Amino acid sequence: MARSGGSGAGCVRVEGATKRFRQGTTVEALRDATIEFAPGGFTAVMGASGSGKSTLLHAVAGLTRLDEGKAIVDGIDLSALSDRALTVFRRRRIGLVFQAFNLIPSLTAEQNATLPVVVDGRDEDEARERVARMFERLGIAHRRDHRPDALSGGEQQRVAIARALVADPAVVLADEPTGSLDSVTGQAICRILKELCAESGRTIVVVTHEPAVAVWADRVVVLRDGRVLAEFPAAPFADAHALAAHYQDVVATGPALAGGAAS
Ligand code: ADP
Ligand code: MG
């Protein structure tokens, strides 16, 4: 089922975003950054450690508030929402996947995956059915009643992906989702993210420093020092090595000489 997108579903735009952290000195994690993620697109956000990737993702997820500028998701300006409204927004509209999986140790795989719907007070039986279908699809149906510590990293991340999708969000945000996994498992997770998002027309943004992950995307956005340094389509690159080489060029020479488009 494709999304109509008529109401701005899946559209993500960050405009003039500035975020400062004060710890003795002030760090500008984002500096007047403007980025648009098209509905249904799969974007990889790359950049050195400390370039602002996680802060960008958190701003779009409503996990952090910007000092200046706006994050607009599904047509909603997040700065206009109260903390409470932001929490509900996040539960219903955003699927989040983290490097550390962030599953609750005392809950089973199924309970973890249905949690966003349960805490939202919505139909639990329907959520369980959805999760059952996703677990089947993800090859973890036999792990339904296991707790996270009995699961492999790849299985835990599959549970986290089911949890991210249980509320049927138009936007899925993943921060280094393969960072704790071996490369074969990481590739399997990329394939799952791509398939599950593509078939439902979800917008997906994956933060990664791994070219082997970025090569799954349609588009790569490169951050440096809290700004967009460049962006380029991923499709022309035959494999992760070719993409890595271009990424290195962009980082070394800047977008103009490397042929990328500055923003
Ligand atoms: P990345 O994900 O690209 O590694 P981050 O967005 O996590 O980068 O961080 C960008 C900058 O902001 C870094 O200099 C980091 O130290 C700083 N920063 C991020 N979060 C916080 C925080 N909660 N408190 C203080 N500084 C932070
Ligand atoms: Mg980060």
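All residue numbers in this chain count up from 1 along the given sequence. Counting convention: from 1, in listed order, for ligands and their atoms alike. Just so we're clear, the structure is a prediction, and the values are computed from it rather than from any experiment.
- Distances from atom 16 (O) of ligand 1 to the protein include no heavy-atom value under 4.0 Å.
- Between the side chain of T203 and the backbone N or O of G10 there is at least one donor-acceptor pair closer than 3.5 Å.
- Atoms of ligand 1 lying under 4.0 Å from at least one heavy atom of A48, given by number and element, are 3 (O).
- Checked by distance only, ligand 1 and A29 stay at 3.5 Å or farther apart across all their nitrogen or oxygen atoms.
- Of all protein heavy atoms, the one closest to atom 18 (N) of ligand 1 is F21 CD1, 3.4 Å.
- Among protein heavy atoms, the minimum distance from atom 3 (O) of ligand 1 is reached at K53 NZ, 2.8 Å.
- Considering backbone and side-chain N/O of G50, one or more are found under 3.5 Å from N/O of ligand 1.
- The protein reaches atom 22 (C) of ligand 1 closely, with a heavy atom under 4.0 angstrom from it.
- Both V205 and L86 sit in one connected hydrophobic cluster of ILVMFWY residues. Membership requires side-chain heavy atoms under 4.5 Å apart, directly or through other members.
- Each of I72 and I94 belongs to its own hydrophobic cluster when Ile, Leu, Val, Met, Phe, Trp and Tyr are linked at side-chain heavy-atom distances under 4.5 angstrom.
- Neither L115 nor V172 shares a network with the other; the hydrophobic side chains, linked directly or stepwise wherever heavy atoms of I, L, V, M, F, W or Y lie under 4.5 Å apart, form separate groups for each.
- Distances from the Mg ion (ligand 2) show that S54 has an N/O/S atom below 2.8 Å.
- Contacts between V27 and ligand 1, counted as non-hydrogen atom pairs separated by less than 4.0 Å, involve the side chain only.
- Residues L107 and I161 fall into different hydrophobic clusters, defined by Ile, Leu, Val, Met, Phe, Trp and Tyr side chains chained together at heavy-atom separations under 4.5 Å.
- Each of R90, R91, R93 was checked for a salt bridge (Lys or Arg N to Asp or Glu O under 4.0 Å) with D120, and the lone residue meeting it is R91.
- Listed by number with element, the atoms of ligand 1 under 4.0 angstrom from any heavy atom of T55 are 5 (P), 6 (O), 9 (O).
- When the side-chain contact (heavy atoms from CB on, under 4.5 Å) test is applied to R20, the partners found at least two apart in sequence or on another chain are T18, R22, T26, E28, D67, E68.
- Heavy-atom distances between G47 and ligand 1 stay at or above 4.0 Å for every pair.
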